[in-house]
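The structure under discussion appears below in the form of structure tokens.
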Amino acid sequence: MRIIVTENYQEMSIKAAKVIASQITLKPDSILGLATGSTPVGMYKELINMYKNRELDFSTVKTFNLDEYYGLSEENDQSYHNFMRENLFVHINVKKENINIPNGNVLDIETECENYERMIRESGGIDIQVLGIGCNGHIGFNEPNINFEASTHLVNLTQDTIEANSRFFSSIEEVPTKAISMGIKTIMQSKKILLLANGEAKADVVYEMIKGKILPEVPASILQLHNDVTIVLDRESAAKLKDNVV
Ligand code: F6R
């Protein structure tokens, strides 16, 4: 694991955007795995700036998002489709047909999950997967005690996650209780992984992910077994790590 500790959220975002920018520069038809949540918003802003300054071109890039709530339409303000539109896609020149996000509004979930996996495979596989981390150690919506062998599937969100995500909804009752998420197997098959974390609330789980045992109770700990992981942290989330960091 390559661990980069930055001073603050802005520096974390800039460093992470540079990793994505070099990926796209070296391979203009890169397959990007993308995440939602508060953590990558600053990185997306930096990527938008780079695009506006003509430093980056997304015209041949393909994207696959990690997850989508189950039961929300794509147009719903809180859907991850909408999040991605607002925070990245409408601001850059990625082609609509090259954007992939699980459809959370299907009846045949199994077929949707199989198709998603097939599309990732047929695209050649994810070159770099962006991840945040939940305070409970989840990556994507792979909640504690996940089966490490799972591919894209329907998950039940834990109460922790529902509470954490209720900040985006007008009441906790409105937060969906299920989501379609890439599985740990899907994530581990990405060629590279870029995980971002910031804020003191993440310090314990960041420590567990990097220094703890590899356990299904901390899904992100499996990343210790991936051979190309870059973790970009701010000072607060790195507070429990004392050595082996740059
Ligand atoms: C988002 C996702 C989640 C978040 C995690 C952290 O697509 O899959 O795993 O990355 O919940 O969320 P934030 O960044 O809001 O703290």
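Note that these values count all heavy atoms, side chains included, but never hydrogens, waters or copies made by symmetry. Positions are given from 1 along the sequence. All ligand and atom numbering here is 1-based and tracks the order in the structure.
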Practice problem: Verify, without hydrogens or angle tests, whether D127 (side chain) and I31 (backbone) share a donor-acceptor contact under 3.5 angstrom. | Solution: yes

Quiz item: ligand 1 and G140, any nitrogen or oxygen pair closer than 3.5 angstrom?
Solution: yes

Quiz item: ligand 1 versus E68, non-hydrogen atoms closer than 4.0 Å: side chain, backbone, both, neither?
Solution: neither

Exercise. Run the contact test for M182 against ligand 1 with a 4.0 Å cut-off on heavy atoms, strictly below, and give the result.
Key: no

Quiz item: Would you say S166's side chain and I172's backbone share a donor-acceptor pair under 3.5 angstrom?
Solution: no

Quiz item: Do S59 side-chain atoms and N93 backbone N/O form a donor-acceptor pair below 3.5 Å?
Solution: no

Exercise. Could you list the atoms of ligand 1 found under 4.0 angstrom from a heavy atom of T39?
Key: 13 (P), 14 (O), 16 (O)

Quiz item: Any donor-acceptor pair under 3.5 Å linking the side chain of Y9 with the backbone of T39?
Solution: yes

Quiz item: Aromatic rings F83 and Y44: how do their planes relate, parallel, tilted or perpendicular, breaks at 30° and 60°?
Solution: perpendicular

Practice problem: Number the atoms of ligand 1 from 1 as they appear, then name those within less than 4.0 Å of a heavy atom of H138, with their elements. | Solution: 3 (C), 5 (C), 9 (O), 11 (O)

Quiz item: Where is the nearest protein heavy atom to atom 16 (O) of ligand 1: which residue, which atom, and how far?
Solution: K202 NZ, 2.8 Å

Quiz prompt | Structural part of I133 in contact with ligand 1, heavy atom criterion under 4.0 angstrom | solution = backbone

Practice problem: Tell me which part of L66 gets within contact of ligand 1: side chain, backbone, both or neither, using heavy atoms under 4.0 Å. | Solution: side chain

Quiz item: Relative to the heavy atoms of G37, which atoms of ligand 1 are at a distance of less than 4.0 Å?
Solution: 14 (O), 15 (O)

Quiz item: Is a side-chain donor or acceptor of E236 paired with a backbone partner of N198 at a separation under 3.5 angstrom?
Solution: no

Quiz prompt | Proximal candidate to atom 10 (O) of ligand 1 [heavy atom criterion; set S38, A201, G132] | solution = G132

Quiz prompt | Shortest protein heavy-atom distance from atom 8 (O) of ligand 1, along with the residue and atom involved | solution = D67 OD2, 2.5 Å

Quiz item: Does V206 offer a backbone N or O that forms a donor-acceptor pair with the side chain of K240 under 3.5 Å?
Solution: no

Quiz prompt | Side chain H91, main chain E86, donor-acceptor under 3.5 Å | solution = yes

Self-check item: Part of T36 within contact of ligand 1 (heavy atoms, under 4.0 Å)
Solution: both

Quiz item: Any N/O of Y80 closer than 3.5 Å to an N/O of ligand 1?
Solution: no

